[in-house]
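Heads up: the structure comes next, in structure tokens.
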Amino acid sequence: MPPLQPLQGMADLAGPEVAVWQVLEARAHDLLKRHGYAEVRTPILEPTDLFARGLGDTTDVVQKEMYTFTDRGGRSLTLRPEGTASVIRHVAARGAEGLSARLYYLGPMFRSERPQAGRRRQFHQVGLERLGEPDPLADAEVIALQVDLLADWGLEGTRLLVNTRGTPEDRVAVSKGLQVALRPLAEALCEDCRRRIDTNPLRVLDCKRPACQEATRDVPSPVSWMSPESRVYFDTVVRALGAMGLDAEPTPRLVRGLDYYVHTVWEITHPGLGAQDAVAGGGRYLLPLEGKGIPGVGFAVGMERAVLALESAGRLPEPPRPPHVVFLAGLGQAAGLANLGLARDLRRSGLTVLAGDCHRSLKSQLKSADKASADWALIRGEDELARREVTLRRLRDGWQTTVPDDPDAVRNALVETNES
RNA sequence: GUGGGCGUAGCUCAGUCGGUUAGAGCGCAAGAUUGUGGCUCUUGAGGUCGCGGGUUCGAAUCCCGUCGCUCACCCCA
């Protein structure tokens, strides 16, 4: 049987849903540009190395979630699982000038995971990267921008969770410290957590089992193993957010899966999303490329999740309706032909012009006009053809008149009937 | 990758102690109105009951397999 549906975890986006996405995307373009960010469109396909080195060899994304294949030249290519690495590659290639760039992007990402609510294999993100400026105030500004973007979309009831991962050195210290603190508790922990003590001790603190939460209650916060500088950095971010009126919740358990993050990481959650409740996330990073660490801070917003959250809150945007929609109804081939020309003229003057099937009855064509919520119908049958005119019907109330078959005359008549 | 739930008309779903021709609402089409929409009424089209196999006189219904969807784990947007 031929595959009539997209691949698992991928979907056609069509109908009214597309209109919603277009609204959100348009608002994102507008808002981000007003904040001084410029769009960058990087390839969807990249050398596998870009991600493997950028995100970290041991991350779940790289180890088991990438769509990777070998091309005809024997090179290993990967469908991008996230946007940051490509943007960094882009700016790194243009030297010092690029290193203070503010760029945003928007588009599909691919991860080969099992789909569930709010998780697709092809999903879409709008994200941005602010390079340079290793300053906590930059982190706060980017976080605030992300909050503002979601608010601009109409999303309410979000929570802002923030945490710090410290520096790479801090992370080693935290891991060691946590392992020492957790080992004595191993007996009380679940099987998964006992394994996590070695593989990912931070994760133990985030276990959902009540028994594990209880057992780790007195384990010190990870930040207690970090350097004073890192703690100050994080405090400054939190204070700056507070000064901007944002209620940031320090969340020591918040872990991000990509290796490149340093210092600030955050997530914005929404209760309408189910298990995958993060609608957006981000962090400061030091992305290794060409032997250098490139500093930046960035975020990504999940389009699908944003739409889900808006939907659950009943806050989906209303796509704007074209202000003036004209429907051309024709009876027979000759009328249909004449309508083709009139339609072009009217469209050139900025009107939205739809047309019916001239081989179908007037009744069914008017039905279509109604369904398309057109404002006017222009009717052309044998009578109108003979008299070189068209019948203009105002669909709102059924009032109608005839006008000469001339684009200017029609346009003027439309304006007049609209005002009367 | 692992586990649970679900696959019946274009859509949302009834129908399963196995038993005539598988139903409804919405949508779609035609008509009631010689060339006039929305409301109403009438009529109609549309189904390999996901697919394959098995049990049975007989399967949408029971069994096995498979594909797909969905939710959750892991992890992330």
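Each chain gets a letter, A, B and so on, in the order its sequence line appears, and its residues count up from 1.
- When heavy atoms are screened at a 4.0 angstrom cut-off, E113(A) is found touching base atoms of the nucleic acid.
- Taking the P atoms as reference points, rC11(B) lies 24 Å from rA72(B), given to the whole Å.
- Contacts classified as ring-ring contact (aromatic ring centres under 6.0 Å, His included) and involving residues 359-378 of chain A (residues at least two apart or in different chains) are given here: H324(A)-W376(A).
- For the C1' atoms, the distance from rG68(B) to rG52(B) is 15 Å, rounded to whole Å.
- Nearest-nucleotide positions on RNA chain B for R380(A) and V279(A) put R380(A) closer to the 5' end.
- Nucleotides rC73(B) and rC13(B) place their P atoms 24 Å apart, quoted to the nearest Å.
- Between R387(A) atom CZ and rG35(B) atom P there is a gap of 15 Å when expressed in whole angstrom units.
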What would the secondary structure line of RNA chain B be in dot-bracket form, counting Watson-Crick and G-U wobble pairs under 3.5 Å, with [ ] for pairs that cross earlier ones and | for pairs with another strand? (((((((..((((.....[...)))).(((((.......))))).....(((((..]....))))))))))))....
Between the protein and nucleotides 70-73 of chain B, are there any N/O to N/O pairs under 3.5 Å, and if so, what are the atom names and distances?
unit_1, atom_1, unit_2, atom_2, d
rC71(B), OP2, A117(A), N, 3.0
rA72(B), OP1, A275(A), N, 3.1
rA72(B), OP2, Q116(A), NE2, 3.2
rA72(B), OP2, A117(A), N, 3.4

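- Straight-line distance from the CG atom of D357(A) to the P atom of rA30(B): 10 Å, rounded to whole Å.
- A salt bridge is defined here as a Lys NZ or Arg NE, NH1 or NH2 lying under 4.0 Å from an Asp or Glu carboxylate O, and E113(A) with R119(A) meets this definition.
- Atom CG in N339(A) sits roughly 14 Å away from atom C1' in rG35(B) (whole-Å rounding).
- Of the charged side-chain nitrogens involved, none lies within less than 4.0 Å of a carboxylate oxygen, so that R27(A) and D30(A) do not count as a salt-bridged pair.
- Spacing between atom NZ of K363(A) and atom C1' of rG35(B) amounts to 11 Å, rounded to whole angstrom units.
- Under the 3.5 Å distance criterion, with hydrogens and angles disregarded, a donor-acceptor pair is assigned to the side chains of Q8(A) and R121(A).
- Toward the 5′ end of RNA chain B lies the nearest nucleotide of G381(A), the other residue of the pair M10(A) and G381(A) mapping further downstream.
- A salt bridge does not link E129(A) with R102(A): none of the charged nitrogens is closer than 4.0 Å to a carboxylate oxygen.
- Sorted by first and then second residue, the ring-ring contact (aromatic ring centres under 6.0 Å, His included) pairs with a member in residues 6-59 of chain A read W21(A)-H124(A), H29(A)-Y104(A); sequence neighbours excluded.
- For the C1' atoms, the distance from rG65(B) to rA22(B) is 26 Å, rounded to whole Å.
- Side chain of L362(A), nearest nucleotide from rA77(B), rU36(B), rC75(B): rU36(B).
- Here G127(A) lies out of heavy-atom contact (under 4.0 Å) with every strand.
- A straight line from CD of Q400(A) to P of rG35(B) spans 15 Å, rounded to a whole angstrom.
- In this structure, the nucleotide among rC74(B), rG35(B), rA77(B) sitting nearest to the side chain of F123(A) is rA77(B).
- Remark: P of rU36(B) and CZ of R360(A) are 15 Å apart, rounded to the nearest angstrom.
- Computed from coordinates, the M303(A) CE to rA77(B) P distance equals 16 Å when rounded to whole Å.
- Here the separation of rA30(B) from rC57(B), taken at their P atoms, is 50 Å to the nearest Å.
- The residues R387(A) and E384(A) are annotated as not salt-bridged, no charged nitrogen and carboxylate oxygen being separated by less than 4.0 angstrom.
- Aromatic ring orientation, Y285(A) versus Y260(A): perpendicular (interplanar angle above 60°, classes split at 30° and 60°).
- Classification of E82(A) and R80(A) as a salt-bridged pair fails, no side-chain N sitting under 4.0 Å from a carboxylate O.
- A salt bridge links D397(A) with R394(A): the closest approach of a Lys/Arg side-chain nitrogen to an acidic carboxylate oxygen falls below 4.0 angstrom.
- Rounded to whole Å, the separation between the C1' atoms of rG50(B) and rC69(B) comes to 10 Å.
- No contact: Q122(A) has no heavy atom under 4.0 Å from any strand.
- Sorted by first then second residue, the ring-ring contact (aromatic ring centres under 6.0 Å, His included) pairs that include residues 170-197 of chain A, not counting sequence neighbours, number zero.
- The gap from the P atom of rG58(B) to that of rU20(B) amounts to 15 Å, rounded to the nearest Å.
- Looking only at atom types and distance, the side chain of Q400(A) has no donor-acceptor partner in the side chain of T391(A) under 3.5 Å away.
- A salt bridge does not link R388(A) to D405(A): none of the charged side-chain nitrogens sits closer than 4.0 Å to a carboxylate oxygen.
- Within 4.0 Å (heavy atoms only), D397(A) reaches at least one base atom of the nucleic acid.
- Residues of residues 365-378 of chain A that place a heavy atom closer than 4.0 Å to RNA chain B, in numerical order, are L366(A), K367(A), D370(A), K371(A).
- To the nearest angstrom, C1' of rG68(B) lies 12 Å from CG of L7(A).
- Separation of the P atoms belonging to rA45(B) and rG5(B) is 39 Å when rounded to the nearest angstrom.
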